[in-house]
Amino acid sequence: MRVLITGGSGFVGQALCPLLKESGHRPMVVSRTPERVRDRLPSGTDIRRSALDFVDTPPDAIVNLAGEPIAARRWSEAQKERLIDSRVNITHELVTLCEQLSHTGTAPRVMVSGSAMGFYGDQGEREVDEETPPHDEFAHRLCRRWEEAAQDVTEYGTRLAILRIGLVLDQGGGTLQRMLPPFRLGLGGRFGHGRQFMPWVHRQDLVRMIVFLLEHEAHEGAFNGSAPQPVTNAEFTRQLAQRLNRPALLPVPAWVLESVFGEMSRLLLSGADMRPRRFEQAGFTFRFPTLAEALDDIIGRG
């Protein structure tokens with residue numbers, strides 16, 4: 001398949017594009033700076049500045065991962081709008097592409113569109129699957145708007161799978177990029193009381209999930225993109241420190257995070273015991289089902 005990817009040069013996209021190519025697919029990437037990202041992508045990747053530039057080369061599938069990092073800046077009202085717009089606007093562009101291609105009978109067969117564990121909001125300690133009602137807060141409203149924008153592709157015969165992604169773990173980016181430096185110095189510790197859940201997923205399993213949804217035509221709707229064994233923040237920090245042979249004795253009080261990050265501190269102080277129920281029912285096999293296995297692989301390679 002020809003697979004059009006937004007966010008293809010990002011942390012997840014850089015692992016997805018090689019896997020697609022190895023699996024016999026042709027990655028096509030949207031980037032406003034093609035020359036700057038070319039070295040991050042497999043040779044021969046077709047890179048264009050806009051999704052609409054691919055009208056003359058209709059993709060068979062779309063993977064929508066674009067969006068400004070949610071934790072890059074404090075959440076002012078203007079930043080909240082930027083976070084929403086960065087996701088919704090590119091998704092509307094993809095819908096327009098599908099509409100234009102539908103006139104010639106070449107609309108993509110499938111779109112896998114990103115969302116996040118934030119869709120559920122703070123769920124305390126109860127297990128969460130794809131049917132769990134969300135808790136209304138900004139992270140939920142952001143994800144809901146993103147998912148609603150993607151729904152329009154179904155009008156043009158495109159199968160839609162929504163992927164609600166957990167914390168992505170691997171070398172070179174994602175959650176561990178910020179956590180490893182203080183933990184290597186023995187300065188790590190839990191956030192607040194540490195009982196909040198951290199749904200996580202190894203990047204290698206996440207990109208395999210995306211390919212799984214592209215290739216299996218029966219699967220549509222929402223899927224939780226996380227490992228089957230989430231852990232609390234306290235357990236995550238304990239295991240990370242253990243593998244680095246460092247203590248994890250310096251918890252960060254909730255009030256400190258709230259004063260520094262404001263509302264954005266909810267990303268660190270709340271969570272959901274999110275389970276990939278639909279992936280398990282579909283027969284997807286995780287290479288890294290436990291945090292211990294994931295950290296052993298990632299830190300072992302480091």
Side-chain angles (χ1 to χ4, degrees), residues 1-5 7-8 11-27 59-65 108-120 123 126-134 143 146-147 150-151 153-154 157-170 174-175 197-231 271-298:
M1 290 190 290
R2 292 189 297 270
V3 184
L4 173 62
I5 307 147
F11 181 56
V12 175
Q14 288 181 58
L16 174 62
C17 289
L19 179 60
L20 286 170
K21 190 169 183 178
E22 292 167 12
S23 302
H25 303 299
R26 177 185 170 190
D60 302 299
I62 296 173
V63 178
N64 181 23
L65 300 173
R109 299 196 298 270
V110 56
M111 180 162 86
V112 176
S113 194
S115 183
M117 63 185 191
F119 177 87
Y120 299 105
Q123 295 287 337
R126 67 171 175 168
E127 286 191 15
V128 172
D129 64 19
E130 291 84 356
E131 301 301 320
T132 301
C143 294
W146 196 6
E147 294 185 15
Q151 288 293 334
V153 300
T154 61
T158 299
R159 173 173 61 89
L160 176 63
I162 299 288
L163 189 57
R164 294 172 180 160
I165 300 172
L167 300 170
V168 184
L169 307 183
D170 207 345
T175 302
F197 274 88
M198 295 177 63
W200 60 273
V201 63
H202 195 300
R203 181 170 60 161
Q204 291 182 25
D205 275 334
L206 180 61
V207 296
R208 291 176 55 245
M209 288 173 163
I210 293 171
V211 175
F212 184 89
L213 292 175
L214 291 175
E215 295 180 342
H216 289 76
E217 296 182 1
H219 301 319
E220 58 186 3
F223 288 80
N224 288 339
S226 60
Q229 297 187 35
V231 296
D273 184 2
M274 187 172 81
R275 308 296 178 115
R277 198 78 67 210
R278 295 195 66 200
F279 273 115
E280 292 179 312
Q281 292 171 348
F284 181 84
T285 302
F286 288 85
R287 291 181 180 168
F288 303 96
T290 69
L291 181 62
E293 290 169 296
L295 291 178
D296 284 345
D297 172 73
I298 296 165

Which heavy atom of [X] sits nearest to which heavy atom of [Y], and what is that distance?
X	Y	answer
S23	E215	CB-OE2, 4.4 Å
A150	L160	O-CD2, 3.5 Å
A227	P230	O-CD, 4.0 Å
R277	E127	NH2-OE1, 3.2 Å
L213	F279	CD1-CZ, 3.8 Å
I62	P108	CD1-CG, 3.8 Å

| message | Under the criterion side-chain contact (heavy atoms from CB on, under 4.5 Å), I'd like the reasoning laid out for W146 against I162: C-alpha separation, chi angles, the key distance, then a yes or no. | response | CA-CA 10 Å; W146 196 6; I162 299 288; over 6 Å; no
| message | Let's go through F288 and L169 carefully: what are the C-alpha distance in whole Å and the side-chain angles of both, what is the deciding distance for side-chain contact (heavy atoms from CB on, under 4.5 Å) to 0.1 Å, and is it a yes or a no? | response | CA-CA 11 Å; F288 303 96; L169 307 183; over 6 Å; no
| said: Could you check whether E147 pairs with R164 (Lys NZ or Arg NE/NH1/NH2 to Asp/Glu carboxylate O, under 4.0 Å)? | reply: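 Yes.
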| message | Check R275 with D129, please: is the shortest side-chain N to carboxylate O separation under 4.0 Å? | response |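 Salt bridge flag = no for R275 with D129.
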| For E293 and H202, does a side-chain donor sit closer than 3.5 Å to a side-chain acceptor? | no
Rounded to the nearest 0.5 Å, what separates atom [atom1] in [X] from atom [atom2] in [Y]?
X	Y	atom1	atom2	answer
T154	M111	OG1	CE	9.5 Å
N224	T132	CG	OG1	8.0 Å
L291	D296	CG	CG	9.0 Å
I210	L19	CD1	CG	9.0 Å
M198	S226	CE	OG	12.5 Å
M274	L167	CE	CG	8.5 Å

Do the side chains of [Y] and [X] get nearer than 4.5 Å, heavy atoms only?
X	Y	value
L206	D170	no
E280	P228	yes
V3	L16	no
L163	V63	no
V207	V12	yes
D297	Q204	yes

| message | Among residues at least two apart in sequence or on other chains, which ones pass ring pair (Phe, Tyr, Trp, His ring centres under 6.0 Å) with F197? | response | none
| query | Among all residues two or more places apart in sequence or in another chain, which pass the side-chain hydrogen bond (donor to acceptor under 3.5 Å, both in side chains) test with D205? | reply |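 D205 satisfies side-chain hydrogen bond (donor to acceptor under 3.5 Å, both in side chains) with R208 only.
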| Which word best sums up how the rings of F223 and H219 line up, parallel for under 30°, tilted for 30 to 60°, or perpendicular for over 60°? | perpendicular
| request: For the pair F212 and F284, name the ring-plane relationship: parallel under 30°, tilted 30 to 60°, perpendicular over 60°. | output: perpendicular
| task | Sequence neighbours left out, what passes side-chain contact (heavy atoms from CB on, under 4.5 Å) with C143? Give chain and number order. | result | S115, A116, F119
| Does L214 offer a backbone N or O that forms a donor-acceptor pair with the side chain of R159 under 3.5 Å? |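 Such a contact is found between R159 side chain and L214 backbone.
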| query | Is W200 reaching over with its side chain to a backbone N or O of Q229, donor-acceptor style, under 3.5 angstrom? | reply | yes
